[in-house]
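Worth saying up front: this structure is predicted, and the values here are computed from it rather than measured. Reckoned from all heavy atoms, side chains included, excluding hydrogens, waters and symmetry mates.
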Amino acid sequence: MIVLSDPEISRIPVEESGEALIDLRAIPALRLDPRLADPDGHYARLRLSLVDRLITAQTLIRPGLRFLVVEGFRPVEVQVKYFDAHVDRLRASAPGHDEDWYRHRASRYISPPEVSPHPAGAAVDLTLCETDGHELWLGTEVNDTDTDACHTASTAISAQAREHRRILAEALTTVGLTNYPSEWWHWSYGDRYWAYTTGASAARYGPVTSDHL
C-alpha cells in the first residue's frame, strides 16, 4: 500500500475547483453522528461533489441500512494536532528511529497535514447504521488506530463485520470514492490520494480557505 506521506502523493498537482463546502445538517438524505461535533460545525461539511456521490451511494445499499457520517471537513490546525500527537505516541512506543520513519509510520493512519484530504473537505469518515440509528459493527470502532483489524481487507474480524464492510465499500466504490486501505471508514473524492488511485492528472480540491467556509 502507498501511504499518504509518499512523495508520489505530494507530487500530484491540485487544480482547485472552488466548490463550496455543504453542511450535511441541512441534508436529510444523509445521517450525521454527533460524536465528533465541534462548535463551528466543521465536522458536518463536505465538498458538493462528494455530497452528491454520498447521496447516490445511499440509494445503492439495501433498505433498512443508512450511512452514518462521523466526520468530514477538519481544519488544517486540527489535522496538525492529530498527526503530531500520533508521531509522539510512536516515538514513545518505538524509540530509536529517524524522523522519516515516524512520519511514514504515522501516515498509515493519520494523514500528514500537507496532503490530508480532510482539510480539503474531500474525505469522509463513515460507517453503517440501521434506520433506527443502531450502529452496525464493522470490526473496529471508527478512528481506531494502528491495528490490523482497521485495514479494510482485514481477515482478523468476524464474517458479519466483513460483510458490512463489503456493503459499505461496494456502494462507495460504485460512485467513484477511494478508500485509504488502512482505515475501512475513510473514503475520499477529489483529493491527491483519489487522483493517485484513479489515475487523474490532478486533484480537484486543496486545503479549504476562508472563502469556502
Output for pair (L138 CG, I157 CD1), nearest 0.5 Å, gives 7.5 Å

May I ask you to test the V87-E99 pair for a side-chain heavy-atom distance under 4.5 Å?
yes

Using modelled atom types only, decide if a donor and an acceptor are shared between the side chain of R66 and the backbone of A29 within a distance under 3.5 Å.
-> yes

In this structure, would W185 and Y43 fall into the same cluster of hydrophobic residues linked by side-chain contacts under 4.5 Å? yes

query: L128 and L54: same hydrophobic cluster, using ILVMFWY side-chain contacts below 4.5 Å?
result: yes

Taking every heavy atom of G206 against every heavy atom of V14, the minimum-distance pair comes out as N-CG1, 3.5 Å

Nearest heavy-atom approach of H118 to G72 is ND1-O, 2.7 Å

Here the pair of heavy atoms bringing A203 nearest to I12 is N-CG2, 4.0 Å

Can T140 and W184 be counted as having a side-chain donor-acceptor contact under 3.5 angstrom?
yes

Side-chain touch I22/I27, heavy atoms, less than 4.5 angstrom
yes

### Message
Starting from L32, can I reach L21 by hopping between I/L/V/M/F/W/Y residues whose side chains sit under 4.5 Å apart?
### Response
no

So, does D6 use its side chain to make a donor-acceptor pair with the main chain of E8 at under 3.5 Å?
yes

Item to complete: Kindly determine whether R31 and E130 satisfy salt bridge (charged side-chain N to carboxylate O under 4.0 Å, His left out), including the steps that lead there.
Response: CA-CA 10 Å; R31 193 166 194 138; E130 297 174 337; over 6 Å; no

- Message: Please determine whether side-chain contact (heavy atoms from CB on, under 4.5 Å) holds for the pair L50 and L177, giving the CA-CA distance in whole Å, both sets of side-chain angles, and the decisive distance to 0.1 Å.
- Response: CA-CA 8 Å; L50 178 50; L177 271 64; 3.7 Å; yes

All heavy atoms of M1 vs all of S182, minimum pair found to be CE-OG, 3.6 Å

One should read off an interatomic distance between I61 CD1 and I167 CD1, to the nearest 0.5 angstrom, of 8.0 Å

Between L24 and L46, does the side-chain contact (heavy atoms from CB on, under 4.5 Å) criterion hold? Intermediate values first, please. CA-CA 7 Å; L24 298 186; L46 290 169; 3.8 Å; yes

Is any side-chain N of the basic residue among E71 and R74 closer than 4.0 Å to the acidic one's carboxylate O?
yes

* Asked: With a 4.5 Å limit on heavy-atom distance, are the side chains of H134 and C129 in contact?
  -> no

Separation between SG (C150) and CD (E183), nearest 0.5 Å, reads 7.5 Å

Could you tell me whether the side chain of H164 and the main chain of L136 form a donor-acceptor pair under 3.5 Å? no

Note: T56 and V175 closest approach over all heavy atoms is CG2-CG1, 3.8 Å

Assess whether atom CG of D38 is packed by more than 12 heavy atoms of other residues, nucleotides or ligands within 6.0 Å.
-> yes

| said: Using only atom types and a distance under 3.5 Å, with no angle test, would you say the side chain of T173 pairs donor to acceptor with the backbone of E170? | reply: no

Go through it in stages, so that I can follow the logic: the residues are L126 and V70, the test is side-chain contact (heavy atoms from CB on, under 4.5 Å), and I'd like the CA-CA distance, side-chain angles, deciding distance and then a yes or no. CA-CA 5 Å; L126 77 172; V70 175; 5.7 Å; no

Side-chain heavy atoms under 4.5 angstrom apart, residues restricted to Ile, Leu, Val, Met, Phe, Trp, Tyr: same cluster for V51 and L36?
yes

Interatomic distance, CG@L68 vs OG1@T127, rounded to 0.5 Å, equals 6.5 Å

Determine, using ring centers only, whether Y193 and Y180 are less than 6.0 Å apart.
yes

> Can you tell me if S116 uses its side chain to pair, donor with acceptor, with the backbone of P112 under 3.5 Å?
Replying inline: no

Worksheet entry | Check against side-chain contact (heavy atoms from CB on, under 4.5 Å), T178 and Y189 | CA-CA 6 Å; T178 292; Y189 172 81; over 6 Å; no

query = Would R45 count as a cation-pi partner of F73, with NZ or CZ less than 6.0 Å from the six-membered ring centre and within 45° of the ring normal?
reply = no

Scanning both residues in full, the closest heavy-atom pair of A57 with L172 reads CB-CD2, 4.0 Å

Cationic N near anionic O, under 4.0 Å, R47 to E16
yes

Check: Under the 3.5 angstrom rule, does the side chain of S154 hit a backbone N or O of D148 as a donor-acceptor pair?
Finding: yes

To the nearest 0.5 Å, atom CZ of R162 lies from atom CZ of R165 at 9.5 Å

Taking S49's backbone N and O only, do any of them form a donor-acceptor pair with E19's side chain (distance below 3.5 Å, no angle check)? yes

Q.
Keeping Q58 on the side-chain end and L65 on the backbone end, is there a donor-acceptor pair under 3.5 Å?
A. yes

Checking S188 side chain against D191 main chain: does a donor-acceptor pair fall under 3.5 Å? no

So CZ of F67 and CG of L60: to nearest 0.5 Å the spacing works out to 7.5 Å

Decide whether L48 and V208 are clustered together by the hydrophobic rule: side chain heavy atoms of Ile, Leu, Val, Met, Phe, Trp, Tyr closer than 4.5 Å, transitively. no

Which of R192, Q79, H186 passes side-chain contact (heavy atoms from CB on, under 4.5 Å) with P117? Answer is H186

Query raised in the report: How are the rings of W101 and H97 set relative to one another: parallel (under 30°), tilted (30 to 60°) or perpendicular (over 60°)?
Result: parallel

**Request:** Mark yes or no for whether D88, through its side chain, and A92, through its backbone, hold a donor-acceptor pair below 3.5 Å.
**Result:** no

